[in-house]
Structure formats: C-alpha cells, structure tokens
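Below is one structure, written out as structure tokens, with a few remarks after it.
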2 protein chains.
Amino acid sequence: MNPTATTTTCAECKLQAHCLPAGLDAGERDRIDSLMSKRIRVHRGDALYNNGDDFVSLYTVRTGFFKTSVSCDSGREQVTGFQMAGEILGLDGIHTGHHQSDAVALEDAEVCSIRFDRLETVSREIPAMQHHLHQLMSREIVRDHGMMLLLGGMRAEERLASFLLNLAARLRTRGFSACEFVLRMTREEIGSYLGLKLETISRAFSRLAALGIIEVQQKHVRILDIHQLEHVEQEEALAA
Amino acid sequence: MNPTATTTTCAECKLQAHCLPAGLDAGERDRIDSLMSKRIRVHRGDALYNNGDDFVSLYTVRTGFFKTSVSCDSGREQVTGFQMAGEILGLDGIHTGHHQSDAVALEDAEVCSIRFDRLETVSREIPAMQHHLHQLMSREIVRDHGMMLLLGGMRAEERLASFLLNLAARLRTRGFSACEFVLRMTREEIGSYLGLKLETISRAFSRLAALGIIEVQQKHVRILDIHQLEHVEQEEALAA
DNA sequence: CGGCAAGTTGATGACAGTCAAGCCGGGTGG
DNA sequence: CCACCCGGCTTGACTGTCATCAACTTGCCG
C-alpha cells in the first residue's frame with residue numbers, strides 16, 4: 001500500500017535524512033540497519049507503549065502520526081508532543097528503565113524499533129552515531145523548554161499560532177505543503193498540548209480565520225498569511 | 001572557606017553520590033576526574049553562559065544555586081529550572097553546539113566544568129559512564145514533561161505546592177532539612193518558572209500559610225504539614 | 001438513515017493579571 | 001547609630017482571558 005513501508009533498510013528509506021541516520025555516512029548507516037530489530041504496526045488509537053512499561057527500545061516513526069502524553073494521579077492528562085515521520089519516540093524511558101509516558105497512534109502507523117542497549121553498543125564504536133544520539137536528546141530538551149515558554153506565558157491565539165507554524169515547518173522539511181494540511185488530532189488533544197480547553201482552541205481557530213490569517217474547515221487548515229501568523233501578538237493589539 | 005571547595009577530585013567530593021559520578025565504581029570515577037578541566041567561580045548575578053555562546057562543556061554545580069531561562073524575541077523570559085549542588089547545567093547546548101539558554105548564579109557559586117568532547121570519548125570506553133549520561137539527559141526530558149503538566153493545567157496553589165515539594169525532596173537527598181529552608185530566588189523568578197506573576201505567587205504563599213500548611217517569612221519557608229501540601233487540590237475543594 | 005463523536009458558538013463566571021499603594025528589611029552614608 | 005533608600009514583598013480593587021455549561025451543527029461510519 002504505502003511504498004515506503006516495503007523498504008527494509010535505512011539506506012533505501014526515504015526518511016533517512018530526517019531520521020536517526022541523518023548525517024551519517026553509508027558505512028555508519030549500515031550499522032544502524034543492523035540495529036533495527038523489527039518494524040511494528042500500530043493501529044489508530046492503540047498504544048505503542050504505556051506509562052510503566054519496560055523500556056527496551058526507541059522507536060522512529062515510519063508512517064503515521066503519534067501523540068505522547070503524561071498524566072498525574074488526579075487523572076489530568078497532558079499531551080507532551082505529536083510525532084510524525086522520522087521522529088523519535090521513547091527517550092523518556094531511559095532514565096528509569098520504564099516508560100514514563102504513553103505513546104498512542106493518531107492514525108494507523110508503522111515504526112522501526114531500535115533496541116537501546118544495542119544502540120549504545122554501536123554508539124561506542126561510531127563517534128558520529130554517539131554524537132548524533134546526544135544531539136537528538138538535547139533537541140528534545142530544547143524543544144521542551146520552548147513548550148515551557150509557550151505554556152508559561154502565551155495567550156491562546158499565540159499558542160495556536162506557534163503550534164501551526166511548528167507543524168508547518170516540520171511538514172515542509174518532509175516535502176509536504178507547509179501552508180495547507182490536515183490535522184491528525186482533535187481540538188481536545190491540541191488543547192491538552194497547548195494548555196487550553198477544546199472550546200478555546202475552537203474559538204482561536206475561528207478568530208484567526210476571521211482575521212484572514214488562516215482558513216479552517218474542521219481538520220483541514222490552510223495558512224493564508226504566514227507572516228501575519230508569525231506576529232499574532234502584534235495583530236491582537238492591532239485588533240483592539 | 002567552604003570545605004568542599006578545597007577538594008580537587010570527585011573521589012574526595014561529598015557530592016559524588018548526587019553528581020555525575022553517581023553509580024560508578026572507583027576506577028571509573030577516576031576517569032571522570034581526568035575530565036574535569038577546571039573549576040569556575042561565578043558571582044551572584046553573573047552568567048555561567050548565555051544564549052548563543054559556544055557550547056564546549058557541561059557543568060556540575062559544586063556550591064551555590066543557579067537558574068536557567070529561555071526568552072523569546074518579544075522579550076518574555078521563562079525560567080526553565082533551578083539547579084543546586086550536584087545538578088548539571090548545559091545539556092541544551094549539545095543540539096546545535098551553541099547554548100540555547102542563560103544560566104545565572106542566584107548566589108556566589110562554584111561549578112566543575114567538563115569538556116563535552118572528552119566526556120563523549122570516555123563514554124565510549126566506559127559503558128556505565130555512557131549509560132549514566134543517557135539517563136541524565138532522559139531525566140531532564142522527564143522533568144520537563146512534568147513541568148509541562150504543571151504549566152498546562154494546574155492552579156496557582158497547586159503549582160506552588162509542587163514546586164515546594166520538589167525543592168524539599170531535592171534538599172532532603174542532599175542531607176538538608178526538607179521542611180525548613182531559605183529560598184534563593186525571588187517571587188518573580190518563581191513566578192516565571194511556574195507561569196504566574198509575582199503577585200500571584202505572593203498570594204499563593206499567603207493562602208497556604210493561612211491554611212496552616214506552611215509558614216512563610218520572606219524567603220524563609222517552613223513546611224508544617226507535608227501531607228496536606230501533597231493534596232492541595234483537595235484542600236482547595238475543602239475550603240470552598 | 002440513524003447515531004454518535006467532534007466541533008462551533010453563546011452566555012456566564014472564576015481565576016489570575018494588572019495597576020496601585022503601602023510595608024518590610026537590609027545596606028549605605030551622613 | 002540612626003535615617004534613609006531601595007528592592008523585594010504584600011495586599012487590595014478592578015479587569016480580562018479563559019473555563020465552564022449548554023445548546024446546537026456538522027460530518028462520519030455503520
């Protein structure tokens with residue numbers, strides 16, 4: 001069905017440049033291939049792993065779309081990220097040897113699993129691989145700090161604007177249209193991610209649409225004026 | 001002045017158990033000692049590094065207290081963490097080779113600097129060291145996800161309560177009193193960290209004090225009822 | 001075609017932000 | 001040694017943004 005799903009090695013995979021092997025030479029890449037223990041299919045709505053599961057492998061998304069979330073004892077759930085093709089899942093499990101979050105497929109998906117103990121072994125042999133792994137983990141930390149900035153102070157429309165811009169940028173690097181796309185998640189999931197309620201997300205969409213910055217029809221979004229979207233704070237002042 | 005400031009090796013350092021060498025055997029620890037290029041003094045209010053600086057080393061706090069923060073173009077600043085003895089600074093620099101945040105001393109401090117390229121070299125030789133580094137980075141990711149949960153949905157008093165509990169726990173593992181301590185940061189810095197304004201922090205302190213859960217006198221805090229502090233959500237319902 | 005999940009929109013209210021005034025405490029200089 | 005000053009903190013009154021509750025619409029899938 002999906003052609004990329006039939007390739008079996010990183011060397012043949014179109015996602016190479018955005019995935020774990022990014023920046024490695026051919027020989028090094030072949031070593032990674034040797035790590036890929038297996039490919040796993042996850043159906044829409046199913047979990048790749050859950051909080052508390054033993055941590056064995058990292059996963060790279062091959063096709064499909066995931067959300068990761070943490071929850072506290074009082075039942076509140078916080079979506080911590082959305083992952084698309086080429087992105088890594090499972091880094092939170094390294095700390096204690098148990099996953100500290102849930103990873104759920106938002107559409108039928110396929111991931112490559114990489115045993116972490118073997119990845120460490122290969123990292124010891126290939127400095128580029130080692131450094132690359134460290135960069136990946138550091139990137140996740142930097143990304144999380146950006147989310148803290150967003151959650152700590154931004155208003156609803158700013159949050160949504162930066163969410164859309166982030167999504168657009170990630171789609172663009174994968175060769176998809178950056179200004180027109182289909183959301184894979186519900187308003188409630190976006191709200192959980194951005195620290196808002198679903199009604200507020202809905203209203204923020206409507207408002208950005210009314211300002212002529214985007215067009216929204218349910219899950220279909222088109223960015224009409226990316227420059228204005230990047231300056232939503234000012235636009236808000238302008239509208240007042 | 002400070003006795004720990006005169007020791008020169010990890011083996012002699014009292015912080016061993018809470019610092020980078022935690023969990024390593026004596027031989028491995030000696031390898032870490034070989035990494036410690038130098039010790040750096042940072043005066044209260046001075047930066048250990050700033051956003052954009054070249055990333056060369058990680059730092060472990062020896063004495064003193066730091067805050068790290070990121071800021072966006074519109075000038076808003078978000079404190080991303082407070083670091084005390086034994087904790088690591090600088091992980092955000094690995095990704096791009098440039099620090100992505102500021103690290104400022106909240107009181108006169110001393111840190112050990114560890115050249116990251118050398119740490120990677122040693123990691124390749126000592127699997128335990130390698131895994132330990134990965135655990136450290138993963139812990140930072142897990143911590144950040146916890147902050148996202150806090151920033152995403154908690155009310156002011158819950159945020160302050162979990163901040164105080166976290167501080168208490170970290171002080172306890174270092175042998176300090178967990179129920180009585182002096183805050184090293186201002187209300188404004190706490191507010192930035194917790195996504196609130198300083199007035200709200202002040203009110204939250206007053207309210208927790210009025211409920212008999214804590215005692216506050218400026219920067220001096222005493223936890224009177226740690227169990228109640230852990231259940232502030234319920235207490236709030238109770239008070240209504 | 002029916003049923004249900006997801007999304008929109010409106011009315012109202014709560015919580016934290018803003019603005020403002022005053023207090024406390026520590027350090028400095030007369 | 002005291003008075004002053006200034007940063008940090010507290011408290012009050014009012015406002016604004018987002019949450020909540022509720023009614024209704026849309027669109028999808030069996």
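Each chain gets a letter, A, B and so on, in the order the sequences are listed, and its residues count up from 1.
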Item to complete: Tell me, please, which residues at least two apart from B:R184 pass salt bridge (Lys or Arg N to Asp or Glu O under 4.0 Å).
Response: B:E107
Discussion item. Can you give me the bend angle of the helix from C:dC1-D:dG30 to C:dG30-D:dC1? Use the axis through the first five pairs and the one through the last five, nearest 10 degrees.
Written reply: 30°
Item to complete: Spell out, as yes or no, whether a donor-acceptor pair under 3.5 Å connects the side chain of A:H145 to the backbone of B:V70.
Response: no
Discussion item. Whole angstroms only, please: what is the CG-P distance between B:L183 and D:dG8?
Written reply: 14 Å
Worksheet entry | Residues that B:E87 engages under salt bridge (Lys or Arg N to Asp or Glu O under 4.0 Å), provided they are two or more places apart | B:R170, B:R174
Worksheet item: When you list every nucleotide of DNA chain C with an atom under 4.0 Å from a heavy atom of chain B, which one comes first 5' to 3', and which comes last?
Response: C:dC15 to C:dC19
Practice prompt. List the protein contact pattern of nucleotides 10-22 of chain D with one symbol per nucleotide (5' to 3'): B for base contact, S for sugar-phosphate-only contact, - for none; contact means a heavy-atom distance under 4.0 Å.
Written response: BBBB---SSSBB-
Response to the item:
Hits for side-chain contact (heavy atoms from CB on, under 4.5 Å) against B:T96, two or more places apart or cross-chain, chain-then-number order -> B:H98, B:Q100
Worksheet item: For A:F181, which residues count as a ring-ring contact (aromatic ring centres under 6.0 Å, His included) partner, sequence neighbours excluded?
Response: none
Worksheet item: Under 4.0 Å: is that the gap between some side-chain N or O of B:K219 and OP1 or OP2 of D:dC9?
Response: yes
Worksheet entry | Residues that B:A47 engages under side-chain contact (heavy atoms from CB on, under 4.5 Å), provided they are two or more places apart | B:N50, B:V104
Worksheet item: Of all residues at least two apart in sequence or in a different chain, which pass the side-chain contact (heavy atoms from CB on, under 4.5 Å) check with A:V61?
Response: A:F66, A:Q83, A:L89
Fill in: Qualifying residues under salt bridge (Lys or Arg N to Asp or Glu O under 4.0 Å), relative to B:K67, sequence neighbours excluded
B:E189
Worksheet, complete the sentence: Contacts of A:L91 meeting side-chain contact (heavy atoms from CB on, under 4.5 Å) (sequence neighbours excluded), chain-then-number -> A:L58, A:I88, A:I94, A:M137, A:E140, B:I141
Worksheet item: Of all residues at least two apart in sequence or in a different chain, which pass the salt bridge (Lys or Arg N to Asp or Glu O under 4.0 Å) check with A:E215?
Response: A:R222
